[in-house]
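Keep in mind that what you see is a predicted model, and the values were worked out from it rather than measured.
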Amino acid sequence: MGAQVSPICCICDTPSAECEFVEAKPYRALSQNSTPGKPWAESEEECCRQYTDDTTGVVEVEPTVEYSQTAYEESMTSAVIDEFFIDDAAVWMEDDHMNKMSPIAESERSSYFAYTSRFGLPQVTGDLGSVEVDSSSASLLGSDGSMSPHSTKPAALDFVGGLFQEDEHAVAAKCQEVNTSQCTDYVINDADPKIADLHIAAETQDQFLERAALCIRQAGVADEGLALFESFQSTDDLSLTFATFARMQLHAAQPPLGGDSSPLVATHCSGRTQEEALRFPYQLFQDLLGNNWKAKKLWKLLDERVSRPEYIDAPCSRGRLNGRHCLVVGAGPCGLRAAIELRLLGAHVTVVERRDTFSRINQLHIWSWVGEDLRGLGARIIEPPPKDFGSNPDLLVIGINDLQKLLLKVALLLGVDVRLGLEYCNTEWGEDGWQTLLRPPKEWNCTEGRAGPDKVAMQSMTSSTRPPSQFLPGVLQKLAVVIGCGGFASSIGQDCGIRMVETEGLRKDTAIGLICNVSRTHGRSEADLRSFSMARQFYMSLFRRAAEATGVDLENIVYVKSPVAHYFVMTPTPKSLVSTGVVIDESNRPLLARENVDRAKLDEVVRRVIAFNWKQGVPSLLEALNKDLGNQQDGFPGYADSGPRLFDFSKMRRSTEGLLFLRPNGPDPPELPKEEGNSLLVAVAGDALVEPFWPEGLGIMRGFFGVLDACHTIRAWSDGLGCTEARELHGASFQKLKTLSAATRARVLQQDERKFGLAPETRYR
């Protein structure tokens, strides 16, 4: 082999350091040549042919040219990857023939790493004993979080030409070999005494992909784009949701077979500027799914959402949130809605949820704006909820777990990092800024507001059991925002200094609610039942007859026939619960303490209530169930959950404020006002902000509005608004939010709900 020389361009015959083609088209322009001053190939076409031949192992060159694969790879790595890959994302070339030439050593980047890094999703590198996760996307994104303006295809996808025919695990394994110059944002260190008792190693990306592949095989789903999307779109299984999405990501990250040079950019994005085109994962799925009408309809809805003026320039990808993370604690409806909103604004968002199931089947009464908001995010295309969502002529309702699954899928499509089976421990100031420990929960209390805990099957986390999502405990660093959306029992706000207060009693005596979910039979008689909502003040004679027949004096009753259960929520008087023996000791405090409730008597009361004919001309629920079950002696299919539960809503809890800032112990950057830039923004939303008044369906309405109020303030603070001014901004919205009710709706809200948006002035008067 001849003497080694600096790479020279095969097109313009200049040293690589001076050649414009090297900067724009590195893998084409670099070559090794034994003859100084003589290019490897005589023409651009011949160079392209020879590079293409090289990827297949067939190289025909002039005798004066000696080829070294090792030297070639070294030149690629030193002259291109370290500089070009980090500093510029423009690796997709416009020339049609260029996609045929992408030889790259296996020690370089994998397609999956490039894809997930593109959207700021964590990657595990290193061994299982000491795992680091690089969730920084600075190497692939512009300063505003968008794709490089020089690129027409996602960064680094061309660098997998030599890899995409390999087994996907070999491709994903490259994730562990990558070391970037970017700082690490997610670290697991078993030597840390705070997490030394975890005993369970984190799950690497290729391990999760292997688990995902096994999951889809067991479900009978083909590992190809359209089948994966159909399953992702319709499944109500969380494991299959994460598995199919991960496999779609893997396929979307790989260039098409045969070297097709068509961009992996959704065609519906073609009218945008290049900076706008590739902000979210769903935008890469178009070629993968072809002309599937469901996908096209969903992409259109999401396009309409992301193109709104408040989102179009990704304001939360810059300023104080540039290079920092937003953590949402709780994957309930409000937590996932907060994550979606922050992601639309351009933030890097992680959601952590201590549970690994969405088990709450209670039905939520929602207002019309919430229904429209959900339809705009894909409800009636994404399932659950069922395709007939919103078609109930009696009530607009949705199951809590159905709502969570809908929002989870939307969050994944937008690039939110969702971690189930981990709990938030605390937040503290460290060497690299604010950080928090995420670890497997030792126990969890699945509260349903004041209804108390429900029994949920729980397995101890072991090396052979994992949550549906990738299992990644550890320390999440570089936090800027923490939003507590853990529901009624959330303590994040209180831990950070947000006080909780109880309002005065809604009434002089105790107000009690009763919830039950009776299992469905899916029989013909059951199909004739219709949902209803009734209050004693409007149906006095009916409620008197019901009290005589059941022995229970009710003030309200709501019935919803959901896909999985017959849901009832009602308000029995304390006196009737005592008289029926449900409450054992009337003087006991709290009245509804577990030991003071006779569960057998409660079951008897529920059966009498559902045996009463609440709708004229329609059989009672128990009658319909009995008929569907063949008029068996019992005629009761049981409960869809752990059984009836009582709760006291005599008083209501709320936070005194919804947002504050924690000051760091370290110095602030000199370019920022003192303590402003390094402060941690802490907010609460949903039931953690204001306890819902369920008879009016206020929970999700106020919850979603609280999310929008918090995100609007976060955006303003990221853009430079002072901490004091940010608290005042959020406080003004909170003052209006906490007065919202069915009675004050016209006075508090703007008339045209079609114009409701992120800014408070679009929603509040």
Side-chain angles (χ1 to χ4, degrees), residues 113 116-117 119-126 128-141 145 175-176 178-196 198 201-205 316-329 339 342-343 346-352 415-419 422-440 469-484 492 495-496 661-669 672 675 677-683 714 718:
F113 176 79
T116 50
S117 295
F119 297 105
L121 300 177
Q123 289 293 335
V124 178
T125 61
L128 294 180
S130 178
V131 180
E132 295 183 353
V133 181
D134 180 11
S135 56
S136 172
S137 58
S139 62
L140 298 178
L141 304 180
C175 303
Q176 300 185 50
V178 177
N179 292 309
T180 70
S181 62
Q182 310 303 318
C183 55
T184 304
D185 300 332
Y186 204 164
V187 179
I188 296 175
N189 182 0
D190 288 347
D192 190 332
K194 294 180 296 183
I195 56 176
L198 290 181
E203 186 176 33
T204 58
Q205 189 70 58
C316 287
S317 64
R318 57 178 184 265
R320 289 173 177 152
L321 290 183
N322 183 27
R324 301 170 74 187
H325 294 270
C326 297
L327 175 65
V328 178
V329 182
L342 288 170
R343 189 69 194 94
H348 294 300
V349 188
T350 296
V351 176
V352 59
V416 175
D417 177 29
V418 182
R419 302 290 173 184
L422 295 174
E423 68 176 348
Y424 162 91
C425 292
N426 54 22
T427 304
E428 61 183 24
W429 179 259
E431 294 182 358
D432 294 319
W434 291 100
Q435 61 186 32
T436 187
L437 173 64
L438 306 179
R439 57 170 298 155
S469 60
Q470 183 182 356
F471 179 65
L472 196 60
V475 177
L476 179 62
Q477 299 176 333
K478 292 188 177 180
L479 289 178
V481 173
V482 174
I483 304 182
I492 290 177
D495 293 344
C496 295
F661 292 87
L662 298 183
R663 303 300 189 188
N665 297 325
D668 288 279
L672 295 175
E675 292 190 338
N678 275 355
S679 297
L680 177 72
L681 188 154
V682 180
I714 291 168
S718 179

Trainee: Identify the heavy atoms of Cys496 and Leu662 that sit nearest to each other, and give their distance.
Mentor: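 Answer, listing the atom of Cys496 first, then Leu662: O-CD2, 3.7 Å.
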Trainee: Should Trp429 and Leu680 count as side-chain neighbours, where that means a heavy-atom distance under 4.5 Å?
Mentor: no
Trainee: Check whether any side-chain heavy atom of Leu438 sits under 4.5 Å from a side-chain heavy atom of Pro473, and report yes or no.
Mentor: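 A side-chain contact under 4.5 Å is absent here.
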Trainee: If you measure from CZ on Arg320 to CZ on Arg318, what distance do you get to the nearest 0.5 Å?
Mentor: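 It is 13.5 Å, given to the nearest 0.5 Å.
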Trainee: For the residue pair Val329 and Val482, establish whether any side-chain heavy-atom pair is separated by less than 4.5 Å.
Mentor: yes
Trainee: Can you list the residues that meet the side-chain contact (heavy atoms from CB on, under 4.5 Å) rule with Ser718, with sequence neighbours excluded?
Mentor: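 If we apply the side-chain contact (heavy atoms from CB on, under 4.5 Å) test to Ser718, skipping adjacent residues, the hits are Leu321.
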Trainee: Closest heavy-atom contact between Val351 and Ala339?
Mentor: CG2-CB, 3.4 Å
Trainee: Measure up the His325 and His348 rings against each other and bin them: parallel (under 30°), tilted (30 to 60°), perpendicular (over 60°).
Mentor: tilted
Trainee: Can you tell if the side chain of Val352 reaches within under 4.5 Å of the side chain of Val328, non-hydrogen atoms only?
Mentor: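 A side-chain contact under 4.5 Å is absent here.
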Trainee: Mind checking whether Val475 and Thr436 have side chains closer than 4.5 Å, heavy atoms only?
Mentor: no
Trainee: Measure across Pro440 and Glu423 and return the closest heavy-atom pair with its distance rounded to 0.1 Å.
Mentor: O-OE2, 3.9 Å
Trainee: Working to the nearest 0.5 Å, report the span between OG of Ser317 and CZ of Arg343.
Mentor: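 With rounding to 0.5 Å, OG (Ser317) is 9.0 Å from CZ (Arg343).
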Trainee: Which distance, rounded to the nearest 0.5 Å, do you find between the CD of Gln435 and the CD of Glu428?
Mentor: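 Reported value, rounded in 0.5 Å steps: 5.0 Å.
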Trainee: Do Trp434 and Ser679 have side chains that approach each other closer than 4.5 Å (heavy atoms only, starting at C-beta)?
Mentor: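 No, side chains not in contact.
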Trainee: Are Leu472 and Arg419 packed together at the side-chain level, in the sense that at least one heavy-atom pair is separated by less than 4.5 angstrom?
Mentor: yes
Trainee: Evaluate Thr350 against Leu476 for side-chain contact (heavy atoms from CB on, under 4.5 Å), listing each step before the verdict.
Mentor: CA-CA 9 Å; Thr350 296; Leu476 179 62; 4.2 Å; yes
Trainee: For the residue pair Cys326 and Leu342, what are the closest heavy atoms and their distance?
Mentor: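 Of all heavy-atom pairs spanning Cys326 and Leu342, the closest is CB-CD1, 3.9 Å.
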Trainee: State which residues pass side-chain hydrogen bond (donor to acceptor under 3.5 Å, both in side chains) with Thr427; sequence neighbours excluded, sorted by chain then number.
Mentor: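 Tyr424.
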Trainee: Quick one, Leu422 with Phe471, criterion side-chain contact (heavy atoms from CB on, under 4.5 Å). Give me CA distance, side-chain angles, the key distance, then yes/no.
Mentor: CA-CA 8 Å; Leu422 295 174; Phe471 179 65; 3.7 Å; yes
